[in-house]
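Structure record follows, encoded as structure tokens.
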Amino acid sequence: MQDFVACKVPFFGGTEPKLILLKRETRKIVLVMKITAVLLLAAVLQVSAKSWGQEKITLAFDNAPLETVLKNIQSQANVQFIYRTDYVKDKKVTINVTNANLKTALDLCLKNLQLTYDVFGTNISIHPVKKDGNKSVAKVVVSGNAPPLIDVHGRVVNEKGDPVEGVTVSVKGSTKSTTTDKDGEFSLATVDQDAVLVFTHVSMEAFEVKVSGKTDLAITLRTKISALGDVIVTVNTGYQQVNKERFVGSYSQLDSQDFHRRVGMGIIERLDGTVPGLLFDKKGNSSFSPIQIRGVSTLGTNLTSTDPLIVVDNFPMPLSFDINNINTNDVESVTVLKDAAAASIWGSRAGNGVIVITTKKGKYNQRFHLDISSNTTVEDKPNLFYYKRISPSDFIDVEKFLFDNNYYDADLNNNNTYPVVSPVVEILDRKRMGLISDADASSQINNLRDNDVRNDLNKYVYRRAVRQQYYIGFNGGTNILAYQFSIGYNHNLNNIVGSKPDDRYTINTNTFFKPIKNLEIQTGIDLALNNNQSLNFQLPNPISPYSRLVDNDGNALAIPYFYRMGYIDTAGGGKLLDWHYRPIDEIKNADVNSIAKYARVNFAINYKITDWLSANFNYQYQTSNSTTRNFKSTQAWVTRDLINRFTNPFQTDPNLEYPVPKGGILDVSNSVLKNYNARGGFNVNKSFGVLHQLVGLIAAEISDSKGGYLNNQRFYGYDNLTGGFRPNIDYFNYYPRTYAASLGSVDYIPDMNSYNESATNRFVSVLANLSYTYNGRYNFYASGRRDGANVFGVNTNNKWKPLWSMGAGWEISKEHFYSLSWLPYLKLRSSYGYTGNSNNTLSGKLILNYSANRDPVTSLPYSTPGRAPNPDLRWEQVQIINWGIDFQLLSNRVFGSFEVFRKKSTDVIADAPMPPSSGVGVYTLNFASLKTNGYEISINSRNLISPIEWTSNFGLSRAKTVITDVFTSAGGKASDFLDYKLVAVPGKVAYGIAAYRWAGLDPTTGDPQGYYQKQVSKDYLAIINDSIQNQKFYGSALPLTSAFIRNNFSWKGITLSFNITGRFNYYFREPALNIDYTGAMTGTSYGADYYQRWQKAGDEAKTSVPSMVYPVPNGFDGRNQFYQYAEIHVKRADNIRLQDVSLSYQWTNKRNKRIPVQSVKFFFYPNNLNLIIWRASKSDYDPDFSGGATDVTAAPLPKTWTGGVTVNF
Amino acid sequence: MEPLYIIKKSKSGAQLLLLLLPVLVLFGCKKFLDEKPNKSDIVPTKLDDLQTLLDNSRGAMNSRSAAAYSELVADNYYVTTSSWQSMEASDLNRVHAENYIWGNIPHDVYWSYPYLGPIYYSNIVLDGLPDIKVNSDEVDLYNSIKGSALFYRAFAFWQIAQLFSKPYSSANSDDWGIVLRLTSNVSEKAPRATIQQTYDKIISDLKTAADLLPTSVPFATRPCKAAAYAALARTYLSMGDYSNAGHYADLALQQKNTLVDYNNLVPVGNPPIPSLNTEVIFHNYSPTPVIFSTTNHKIDSNLYRSYNANDLRKTIFFKLGTGTNAGTYTFRGSYNGTLQVNSVFDGLATDELFLIRAECFARAGNKDAALTDLNTLMQKRWKNGNWIPFSASDATTALTMILSERRKELVFRGLRWSDIRRLNVEGANITLTRVVAGNVYTLPPNDLRSVMLIPSGEIQYNSRISQNPR
């Protein structure tokens, strides 16, 4: 009786195909078996001839642990011992032999330990001496009440059907065990008929099976990639799955469990605070690159991307594609490649590091799995009260003061554009003109004093955002087919009241198929459909803090917008449409729908030419197509405004009266992106004897993004009911704008029709790598890659960039001299090499860029020169040196790594500022060099195992990037370091922050004072232009050091984990009051520090907020900038915070087989808690979300709360 | 054993093919990588390509003059204290407010505009021409392109020279002129030429251009022969070389001498003078700062009062303010018409040429010829029926008259500042005065501040240049 375990073929319906396939399989198996048998025999003979009797083993131990002795033998004799830990535990050996052969040594060694051994090639299994060594025929032994005992016989094969020799077959819970012979056969006598047999082997995955009374078993084991170790970890570089033990590069991997610990957020966001060496910047008003892997390697101007390369499965995802098209639930693992050995194989796009995303795949010989999950995330409203402002009532007093000093006169007198003035100024103006009485004005103004627009926004505009995710996925596999299929649905409601939902549907499927031996075909289809109807609401700026959005009866109220309220109330004399702007109505009337479709189709074919050489070909096509329809009815302000602006009241012909037709406006835009990649090459995996192993690949690939376009169209006079619109809009003739005459110099009806084909980016690469392992403990690695891109106008030679890397690893703990029993695993590794950054848009020749439109006056085509050509431009390259130690401690309860690295970016491309007389403002050249030094520590531990399991993950990393040299010597003023941006000044840290030195307030005037040439000074312009040496340079605005510690506690299915993150060695700038009253014009109301301003002599002792004066006296140039960027506002940003908490309960079905459910998991996950546990300096502001001196709206991300359930069948 | 054989056979086939793949990619990719990234990118290979660069009218060639800066510091207008204060209080507009009182903040954009626009574009064209194969039937086009590039560049050089170097005079000729940028190679650094070299280059380029340019062009945005002559007249006039100025004004007027009769204009439209009208030889303008907005600037009241009641320019050029602006006047007489409503027109037009020739006749003592030219122009500016020709007893009186009418005719044409400097060199003793919040600021004749500061960006990144003294 044959019982195929883990070998069911559920996927094929019908009988015919299955039969045929099986027949063919059988024939092949027989053939293969014959060949294998011959080969195996030869191998065994060879090994025997070589191994036995020839080795010279020298041992000298006194009462040493058996394990140590065995390790020693292992290192001298090139053999592998296989045993269960409990066999050798606590066994001590005293032995003293010189130049003995293996047999003698082993016999001596195991003599008095009740142990014996069997030899299979170079594998030696050690097991207890069998009391009952005779093979017995199947018989049932009944003894007392104990269950009947049976004799079990069986055969073990691998997934190809080849017999596996040397598998240890043991009975769970007893010491009974045996090993399979060269035919893969084994037998065990007197086994409990309900016993569980455990199959273990060095190169096969462990497997358990319940005997259940059967006496004849056929077992199929799956090959593992690695040979030893508890868990087989492979590193996915996007090109290869490399065994962790053999990998010499630096990487961090979030496995499925770690990745899915965080829910309700995007793929990349989940890496925040969980991967050492990866830094996220969340500052407002910042031009830092949002994700950094080990510091910065490029200057991050628009010329080269600062984003890491994102690889999905096999191929890079171009930046133009939205990574969110990949359903997070489909992600299996994410790997961050950090050093040259890991990333260099990605060549000229890997300069900023590589993030490899691997999606879930079906596995061969795996039973059918079905996962259903659902979760809901609720996000808090934005905190509008985060920035402390002066009360609206006090703001009104500021406006009154300014009005009395004629501050608003220019605007009030502007009868051309009628700029916005606030309601209070409007009232004061009417009072001044005598249109209303003083008492009326006061009462109107006093009515406004109690309003706060933020209350209205909270009530009428913002709501909690809700995001829901649903997911069904199943996978499974037979020995020739593996499949994975999933469907996802996301339903998001954003935080604007009344906004419609965004929906996303995803389908992901992939199949591996082995139609014939040695050939594997993989196909994958990934589809996403986004139906977005949500709208972004931007509060108009300026808006008075006392504005109301809704009146007492719930009607939407108008606020001044674009034009003065006093003007639009009276303009037009009935000819015009209502010109008021009502924010609430704008939300209500919005009609935006954008549909985006994404498809990724891939195909791979892998053919095993010999057992060590395979050829493969991969192809991927990606496309995304999005259509946005934005209908703006005559209810929408934009439509009314356009119609009004062009209305000609002197015309009676309606066509001439309304050049912009009275009716809706429909904007349609359609964009298509296309990208294809293809790669072909060979993979080598060959062992020479037991000592040498070679793994490598050689490949060539091309990628092309071409054929995409963006098409915008506008239809004026669109009727949403009938679909009719007005053709022949006159875009070419100037129309007198009768109302609000000049709003800039363009007086044409806006022509929103355009068509642009997207840029073609092409890459060609050839690459190869080779890793050589000697004796399982020395690893050498080398890779090389040559990239070409379609850089325009340069010689072919300059289009190519060769990049290479090499590395080595040494597993010291495998050496025979190694005897640190408390440190059972120790590996050293090091790598060196190059990655790069490329840019296809730069040119070596002068190019002219033809304009899509013709000149409106002459109707002639015209062109603009492209970037000033630089034929000497070289590609950026990043040199990375990495040293690492991997270790395991305390019976492998603690494992981790320590790494030190140095990165050097040279030929970094940037726009150098040029004297205007040169003809260009900037010139693109290889501008600067950067140097980054740092280290990373990663420690994972199992602190408690039972009854409560407590594990910890700790990561600490430091990366400091310093600019080493820069093309232009200019720069280095204190004012260069004001904003959150990368400043290239030699010798300074890349994201420097500096401030003006502060000398307190002038006791007589309340003016801020600084230092210029060591003297207390109020020459603000001189201070602003002063060298950084004389002012104050603090350091980095981004954390140089960051850390996280995540603790997981599990007890009976309940898991609680929380992540605490820390960021250190950096500074931030607190927002500071605008002390020159320009805020009153732009509508930003004043911060609460307004109350602390200097008002009379003596105040300088209590405050550092300067006096505010209007009209501005002479010599006030730069006064505001000096104050806002003075050192009093810079603070140390270091902090430790509780980032998130995850609580889950998992019920696992252990007993009831009738319920098909395997496990059910409920989880609850609050994120963005931003609970600061410790901070270096006291502040009202969260340093990580700082907007700098001027962006007062920057606030921490709202908290989110996610709950959900996952069911596994 | 047949299956094994098949496997073996296909293996070697696949092996061969796949081994060849990297090789194929290496050799086959040359063409693949020759694809240009953007469709609209062209390496100029034809004369037409270069012509498109010169036809970039709104982006560079006719729109990047520094003339508005010269109006900003000249005396055609004033602003009220409150306007000035609100500009002074704004980071964006302080530079205008400070330059209004000839303060020490350099006005970056007006130095950059000509260099980044017409000068750079012209240099690209002039550097590109030798690489282009010219067919025998393209000689005219070649000449026209080369002449145009020389013209645009010289025209812009002149404008910069009026602001950033001292006025031309024999005493100043070895003083610092401007950066004579003659190459499109941006990495080449250039020093300042002397004033003599500056004007020599402008004149020689304009003369070459005059030889190369066609007599007529389809649009006034392209220069023609008359434009080159007119520019020469303007340049010589600014140098005080009146015989040459008169000579070239005459050559230009021989090409084109039509005038607009202001009686035919309707003084209600805004603006009332059409763009590209029959007087315009070459269309050019300069973007203006906010100080010239209709609410900020007010016409100097003495200037306004100097117009005769029968002078149509009084109503066509100026508009009475309303509301709080009541009683003051704003300028609306731009030759840009509706094309660039708020910009200073500093192109070349026949009215300027009549005035140049008249002035040169008067300075040469030819009173009658001078008055003829003046009257030819003024008759078109005077109300029909009220026209009385100008008359003078001698050439000196005629000159005074002509200079007065020049001042009134060429309001906001970017010429007043050049005239002030030229006339002060001759001893006219024109002092400019501003009053802001009760403070009086004056700019005496030939003051150091009548040469503008070079922007810090130029000083910082061009090691071979020195700042104008203060």
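In what follows, chains carry the letters A, B, and so on, assigned in the order in which the sequence lines appear, proteins first and then strands, with residues in each chain numbered from 1.
- The most heavy-atom pairs under 4.5 Å with chain A, out of B:Asp49, B:Ile465, B:Asn123, B:Val179, come from B:Asp49.
- Within the 4.5 angstrom heavy-atom criterion, atoms from both the backbone and the side chain of B:Ser112 approach chain A.
- Between B:Arg94 and A:Gly1118, the closest heavy-atom pair is NH1-N, 4.3 Å.
- Of the two parts of B:Ser187, the backbone and the side chain both hold a non-hydrogen atom closer than 4.5 Å to a non-hydrogen atom of chain A.
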- Task: Might you work through the side-chain contact (heavy atoms from CB on, under 4.5 Å) test for B:Gln85 and A:Tyr1110, ending with a clear yes or no?
- Result: CA-CA 9 Å; B:Gln85 281 169 344; A:Tyr1110 193 86; 4.0 Å; yes
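- Neither the backbone nor the side chain of B:Tyr113 has a heavy atom closer than 4.5 Å to any heavy atom of chain A.
- The shortest distance between side-chain heavy atoms of B:Ser184 and A:Leu846 does not fall below 4.5 Å.
- Note that CG of A:Leu860 is 10.0 Å distant from OG1 of B:Thr52, once rounded to the nearest 0.5 Å.
- With rounding to the nearest 0.5 angstrom, the CD atom of B:Gln460 is 13.0 Å from the CE atom of A:Met914.
- In plain terms, the two heavy atoms of B:Tyr121 and A:Thr864 that are nearest each other are OH-CG2, 3.3 Å.
- With chain B as the partner, the residue from A:Leu412, A:Asp855, A:Asp409, A:Thr858 showing the most heavy-atom pairs under 4.5 Å is A:Thr858.
- For the set B:Ile124, B:Asp55, B:Asn56, B:Asn462, the entry with the most heavy-atom pairs within less than 4.5 Å of chain A is B:Asn56.
- Residue B:Leu276 touches chain A through its side chain alone, counting heavy-atom pairs closer than 4.5 Å.
- When the candidates A:Ser758, A:Ser918, A:Ala768 are compared by the number of heavy-atom contacts under 4.5 Å with chain B, A:Ser918 comes out ahead.
- Within the 4.5 angstrom heavy-atom criterion, no atom of B:Asn185 approaches chain A.
- Considering B:Tyr461, B:Tyr120, B:Tyr115 as possible partners of A:Ser917, the one that fulfils the side chain to side chain contact (heavy atoms under 4.5 Å, CB included) test is B:Tyr115.
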- Item | Audit row: A:Tyr862, B:Leu53, side-chain contact (heavy atoms from CB on, under 4.5 Å) steps and yes/no | CA-CA 6 Å; A:Tyr862 64 95; B:Leu53 206 51; over 6 Å; no
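- Only the side chain of B:Glu98 comes within less than 4.5 Å of a heavy atom in chain A; its backbone stays farther off.
- Residue with the most contacts toward chain B among A:Pro1111, A:Pro865, A:Pro861: A:Pro865 (heavy-atom pairs, distance under 4.5 Å).
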